Novice: 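Here it is: the structure, laid out below.
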Amino acid sequence: MKLLLIHSDHFEYEVTEKTNVAEEISEELKKGKMEEVLACFITVESIDEKDPDQIVEKSVNEIEDTLNKVNAEGVFLYPYAHLSQDLGSPEVSVKILKRIEEKLRDNEIKTKRSPFGWYKAFEIKCKGHPLSELSRKIIPEEEEEDEEKGEEKRKVESKYFILTPNEREIKLDNLDQVKEEEIPTGTLKDYIYSEELEKKSSEKPPSVDSMRHLEIADYEEASDPGNLRLYPKGKLIFNLLEDWSDEIAVDRLDAVEIDTPILYDWSQPDIQEQGESFHERHYRVFPPEKDDELVLRFAGDFGLFRMLKEAILSYRNLPLRIYEFSKSFRYEKRGELSGLKRLRTFHMPDIHSFTTNLSQGWKEYQKLFKEYDDLAKGTNIEYAVVFRVVEEFYEENKDKIFEMLKYSDKPAFVEVLSERKHYWVVKHEFQGIDSTKNNTQLATVQLDIEDAERYDITYTTKEGNEEGCTICHSSIGSIERWMYSILEEAHKMEKPKIPIWLCPTQIRLLTISEDNLEYANKIKEKLKEEGIRVDIDDRNERLGKKIREAEKEWIPYIGVIGDDEEKEDFINLRIREQEKEEKFEVEEIVELIKEKLEGKPNRKLPLPDMLSKRPKFVG
RNA sequence: GCCCCGGUGGCUUAGUUUGGUAAAGCGACGGUCUUGUAAACCGUAGAUCGCGGGUUCAAAUCCCGCCCGGGGCUCCA
């Protein structure tokens, strides 16, 4: 237990808001104050659970001691989580706090307590004399000895490595003093600096502005913060990314697709349990003519796990891959929202693979890794590979991890945990790096050996026994976040570019005068027949201006059509990638573009193909 | 949620320090020009200065509260 004791003229608090672990309290506990008081900020730690009685006794002695020394008139107990990284469970903590309060009262000390698990505002006036601020650490007897020997029991320790595709394992002894030459590539280095070493950049990501100016996404004041609107071009990019996610899940992985409700009854214990394992708060919905409270789902797992719990599974059915493209809602704190990067409503494609055991699960894991790697490469964004793995599993399966790295041809940052402390034994993340060098988590795969039991998802073995599944969770990450990463990747370039298969307009034809319109239309029809998104700037404007506007839209190919072209049947093509102009025939252009669209989803132009007919959504 | 910064026609901004008729460019609309590789010319319309309250003879400007956006912190007591 950690104690912070402050001898104060005045101490006062008032509850502001509940947390997930809030204790039920009466009206009178909602505020309180005291004068000439010893304010005790208390943090119950996990080791205290070994011997709560002893902890209570020791802390009461400590508080009384200090009280007598400073001559305060009373004690104010204030639960305060911020003194330790290693907190005790809420239940035990409340128990300990209440018993300290009782004991002090028994000893005829004027005592008050503020409630556990609430956000509170407080005021304090510290006296400032030498004894007025004290901190104390209290631990159970047997632990004390261990501490003295320098043994930290039950603590999960992390070791860090860099693994390279050519099977080198580089140990990073001291993460704070990583030498530059130890980290092989720029992207991985950027990730380590941004996330692991917490050297965040404080620039505004340029996509926050460009998502609006490119008419992709925008804020909607009439909604809740973090709920964006998509313009036609944004919706197209969204749809294409969704198509691609569908294709990987359904066509390449043979996953079966399902859909489940977005609203759930909060009184269901399994829903609440999942709610607590997520730290995010959620939207609450109160239907008319009913007392129930519903929640908007904050992950796709709810409905799926319930479906699978009821399903009858045999070992013959496994591995079973299930795909769901779901809308999720997380009530993120206000200050955490940012552009397309962090939202309160977003879309997640999830694939869960239900398997018989760890070894089948691990095979699924590797398969998913490779598919997601293909997908990530198709968007041309830079990403770092980060593994987190329990030590025992790591030692046994290092070779397979190297195999995956060979596939992605990237080095990885690996955190090896001495023991399992989460539901997974191994997971990895693809971490995107934005143009301000901050990281964003994209795809993840997690091998889960706990949830099947927790949610009672079982199958029948060959021998006729019922056993829990091993679940492989995975997601490419939210579509919105991919849009963010793709825009940010563009901003890293001198001339921003997004992959051609995602460009709303792939080629724009510019007419020099209205006489060229008929010829331009013929070319447009030919390109359109080939499934290329083409439009014509038919407005009565000068060429320079049409060029300028097309460039500002990041259009990859701009074809100029005037009298010369019409006479000799060619197009003057301005290629963004190469920053040059060249004469092309229509067939050559078709070939050039189609080659780059190979294997990617396709959709038609999301707006009228004549610019004169097209509205402006953002000035 | 806390702290810092910002919000002025659809867009980009000036004006706020020192209170005194809201200013410009782009865009839209009408017209002239028939245009050759990053902004033609003339004209017209368009602003509850984020919202609400206060101070003042007078508020975009000063004060208070709220909303929205950005960044940082916090992200279970």
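Here is how names work: the chains are called A, B, and so on, in the same order as the sequence lines, proteins then strands, and each is numbered from 1. Computed from a predicted structure; not experimentally measured.
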Novice: Looking only at atom P, what distance separates B/U13 and B/G50, rounded to whole Å?
Specialist: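 One P to the other, the span is 15 Å.
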Novice: If you assign each of A/N572 and A/V44 to its closest nucleotide in RNA chain B, which residue comes earlier from the 5' end?
Specialist: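 On the 5' side of the pair lies A/N572.
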Novice: Base, sugar-phosphate or nothing for A/E551? Non-hydrogen atoms, less than 4.0 Å.
Specialist: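 It contacts base atoms.
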Novice: 5'-most contact on RNA chain B: A/W118 or A/P205, nearest heavy atom basis?
Specialist: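 Its nearest nucleotide being more 5', the pick is A/P205.
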Novice: May I ask you to decide if A/T440's main-chain N or O and A/R481's side chain share a donor-acceptor pair within less than 3.5 Å?
Specialist: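 Absent.
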Novice: Tell me what A/E549 touches on the nucleic acid: a base, only sugar-phosphate, or nothing, going by heavy atoms under 4.0 Å.
Specialist: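 If one applies the 4.0 Å heavy-atom cut-off, A/E549 turns out to touch nothing in the nucleic acid.
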Novice: Within the 4.0 Å heavy-atom criterion, would you say A/E565 contacts the bases, only the backbone, or no part of the nucleic acid?
Specialist: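 Base contact.
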Novice: Is B/C2 paired to anything, Watson-Crick or G-U wobble with both distances less than 3.5 Å, and if yes, which nucleotide?
Specialist: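 Paired with B/C2, as far as the under-3.5 Å criterion goes, is B/G72.
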Novice: Provide the distance between the two C1' atoms, one in B/G54 and one in B/A59, to the nearest whole Å.
Specialist: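 These two C1' atoms come out 11 Å apart once rounded.
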Novice: Using a cut-off of 4.0 Å on non-hydrogen atoms, how would the nucleic acid contact of A/K616 be classed: base, sugar-phosphate, or nothing?
Specialist: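 Sugar-phosphate, no base atom in range.
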Novice: Tell me what A/K580 touches on the nucleic acid: a base, only sugar-phosphate, or nothing, going by heavy atoms under 4.0 Å.
Specialist: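 The answer is nothing, as A/K580 stays clear of every strand by at least 4.0 Å.
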Novice: Does A/T43 reach a base, just sugar-phosphate, or nothing at all? Heavy atoms under 4.0 Å.
Specialist: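 Answer is nothing: A/T43 stays at 4.0 Å or more from every strand.
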Novice: Check every atom of B/A40, B/G27, B/G36 against the side chain of A/K545 and return the nucleotide holding the closest atom.
Specialist: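 Given the options B/A40, B/G27, B/G36, the side chain of A/K545 is closest to B/G27.
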Novice: Once you apply a heavy-atom cut-off of 4.0 Å, does A/V208 come out as touching a base, just sugar-phosphate, or nothing?
Specialist: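 Counting heavy atoms under 4.0 Å across all strands, the contact made by A/V208 is with sugar-phosphate only.
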Novice: I'd like to know if the side chain of A/S328 pairs up with that of A/H347 as donor and acceptor (distance under 3.5 Å, no hydrogens or angles considered).
Specialist: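 There is no such pair between these side chains.
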Novice: Among the candidates B/A39, B/G36, B/C33, find the nucleotide nearest to the side-chain atoms of A/D564.
Specialist: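 The answer is B/G36, which lies nearest to the side chain.
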Novice: Please work out if A/D515 contacts a base, only the sugar-phosphate, or nothing of the nucleic acid, heavy-atom cut-off 4.0 Å.
Specialist: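 No contact at all - A/D515 keeps every heavy atom at 4.0 Å or more from the nucleic acid.
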Novice: From the options B/G71, B/U37, B/G1, select the nucleotide whose nearest atom is closest to the side chain of A/V560.
Specialist: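 So the side chain of A/V560 is nearest to B/U37.
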Novice: Counting any heavy atom closer than 4.0 Å, what does A/K546 reach on the DNA or RNA strands: base, sugar-phosphate only, or nothing?
Specialist: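 No contact.
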Novice: Taking B/G6 as the reference, what is the distance to B/A39 when you measure between their C1' atoms (whole Å, please)?
Specialist: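 These two C1' atoms come out 29 Å apart once rounded.
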Novice: Which value, in whole Å, describes the distance between the C1' atoms of nucleotides B/U48 and B/G30?
Specialist: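 Looking at atom C1' only, B/U48 and B/G30 are 28 Å apart.
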